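First comes the structure, then the notes that go with it.
Being a predicted model, the structure only gives us computed values, none of them experimental. Both backbone and side-chain heavy atoms feed into the values below; hydrogens, waters and symmetry mates do not. One-based numbering, in listed order, for ligands and for the atoms of each.
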Amino acid sequence: MTSPHPLPHTRTRTVKFPTAAVAARYVAKEIDKLVRARNAAGKPTVLGLATGSTPVGLYRELIRLHKDEGLDLSRVVTFNLDEYFPMTRESQHSYFRWMHETLFNHVNIAPENIHIPDGTLKPDEVDAACAEYERKIAALGGIDIQILGIGRTGHIAFNEPGSPQNSRTRLVTLDSITRRDAADGFFGEKNVPHHALTMGVASILEARRVFLMAFGEHKAGIVYKAARAGAHGSHLR
Ligand code: PGA
């Protein structure tokens, strides 16, 4: 696990795990420890959350910790990385729906503490809503733990390689490989939206800790490149 776009003050570490389940348990335990400490102090925990196949094991483990080991998530505030645009909440493709089905419906995170970029905005509402998303994160003191996957192109959230290091939550145009990779879920590439709302590289890297998880042979090449770019402090190319 590593961060592909390190800022000068960022310390990165790559850790290999024998299986995805072991890695998921490791990250879940880190979240568990922080949430319990913050709960004991009566303070919120701010989590940045991702969609995709990568974090599914982590969310299963968080549900287990909540149901079997008394992990209370009522003080947790979440910010999701991205959402297709435009996208209704009810759509089978929406990240809003996916997050509720995969995690939120099974734990006690308060609905008012859940934030997901809004795919139902009118185009002229987007800029103000993106600025408001950033403002809310800042008002809470920033993200404590950010969960990240990495796409085959090297994207983090919907920031494709080359996205500015100072980028913020915004509307982006999706890369053709990213759209092709999503095509199966949409029953064909022509149905995949051309745009998405995404947190920016700066919004993501301001988190106190970032866990970038990647599993499977198909991610090996991009993880190698990301780790190398991280070691040299440069962007992916
Ligand atoms: P995946 O997607 O978790 O489904 O591999 C990662 C990504 O595209 O960011």
Side-chain angles (χ1 to χ4, degrees), residues 1-5 14-17 19-28 31 47-62 78-85 87 91-103 116-117 119 143 145-163 167 169-187 189 191-205 207 210-227 229-230 235-236:
M1 288 184 280
T2 186
S3 164
H5 297 284
T14 307
V15 185
K16 286 190 214 163
F17 293 89
T19 66
V22 176
R25 282 201 293 278
Y26 175 87
V27 177
I31 293 175
L47 300 180
L49 299 181
T51 51
S53 56
T54 302
V56 170
L58 166 64
Y59 296 155
R60 277 202 196 117
E61 180 60 10
L62 286 177
T78 66
F79 288 88
N80 261 79
L81 286 167
D82 46 16
E83 177 63 279
Y84 287 107
F85 187 85
M87 182 56 66
S91 165
Q92 60 176 315
H93 305 301
S94 86
Y95 287 169
F96 181 96
R97 179 168 173 174
W98 190 93
M99 281 306 302
H100 282 79
E101 288 177 351
T102 310
L103 178 66
I116 303 176
I143 291 172
I145 293 182
Q146 175 69 57
I147 303 305
L148 267 188
I150 186 166
R152 209 154 54 92
T153 61
H155 65 219
I156 54 169
F158 278 126
N159 298 285
E160 297 295 348
S163 296
S167 52
T169 304
R170 67 204 187 287
L171 184 70
V172 293
T173 301
L174 297 180
D175 185 273
S176 55
I177 298 178
T178 299
R179 290 187 62 245
R180 215 173 305 141
D181 280 357
D184 277 358
F186 281 87
F187 310 113
E189 193 178 325
N191 303 319
V192 181
H194 286 266
H195 296 96
L197 297 168
T198 184
M199 280 169 59
V201 176
S203 344
I204 292 167
L205 291 187
V210 178
F211 289 100
L212 190 162
M213 303 192 287
F215 305 124
E217 216 171 307
H218 63 299
K219 294 285 176 79
I222 196 63
V223 167
Y224 174 73
K225 269 181 140 176
H235 274 268
L236 290 174

| task | Go through ligand 1 atom by atom and flag the ones less than 4.0 Å from a non-hydrogen atom of Gly52. | result |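 The atoms of ligand 1 under 4.0 Å from a heavy atom of Gly52 are 3 (O), 4 (O).
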| query | Looking at Thr54, which atoms of ligand 1 are within less than 4.0 Å of one of its heavy atoms? | reply |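 Once the distances to Thr54 are compared, the set is 1 (P), 3 (O), 5 (O).
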| message | Are there over 12 heavy-atom neighbours, none belonging to Arg60, within less than 6.0 Å of that residue's CZ? | response |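 Atom CZ in Arg60 is not crowded, with 12 or fewer foreign heavy atoms closer than 6.0 Å.
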| said: A quick test of your reading: do over 12 heavy atoms of other residues, nucleotides or ligands sit less than 6.0 Å from CZ of Arg180? | reply: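 Enclosed.
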| task | Give the ring-plane orientation class for Phe186 versus Tyr84, where under 30° counts as parallel, over 60° as perpendicular and anything between as tilted. | result |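 The rings of Phe186 and Tyr84 stand perpendicular, inter-plane angle above 60°.
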| field | Any N/O pair Ser53/ligand 1 closer than 3.5 Å | value |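 So ligand 1 has an N or O lying under 3.5 Å from an N or O of Ser53.
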| field | Lys219 N/O under 3.5 Å from ligand 1 N/O | value |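 For ligand 1, there is an N or O atom that lies under 3.5 Å from one belonging to Lys219.
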| message | Which residue and atom name correspond to the protein heavy atom nearest atom 9 (O) of ligand 1, and how close is it? | response |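 Atom 9 (O) of ligand 1 sits closest to the protein heavy atom His155 NE2, 3.4 Å.
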| query | When Met199 is tested against each of Asn159, Asp82, Thr169 for side chain to side chain contact (heavy atoms under 4.5 Å, CB included), which residue passes? | reply |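 With Met199 as partner, Asn159, Asp82, Thr169 yield a single side chain to side chain contact (heavy atoms under 4.5 Å, CB included), made by Thr169.
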| request: Decide yes or no for Arg97 and Ser91: does some side-chain heavy atom of the first lie under 4.5 Å from some side-chain heavy atom of the second? | output: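 No, their side chains stay 4.5 Å or more apart.
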| message | Heavy atoms only: which of Ile150, Leu148, Leu81, Ile156 lies closest to atom 6 (C) of ligand 1? | response |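 Residue with the shortest heavy-atom distance to the ligand atom: Ile150.
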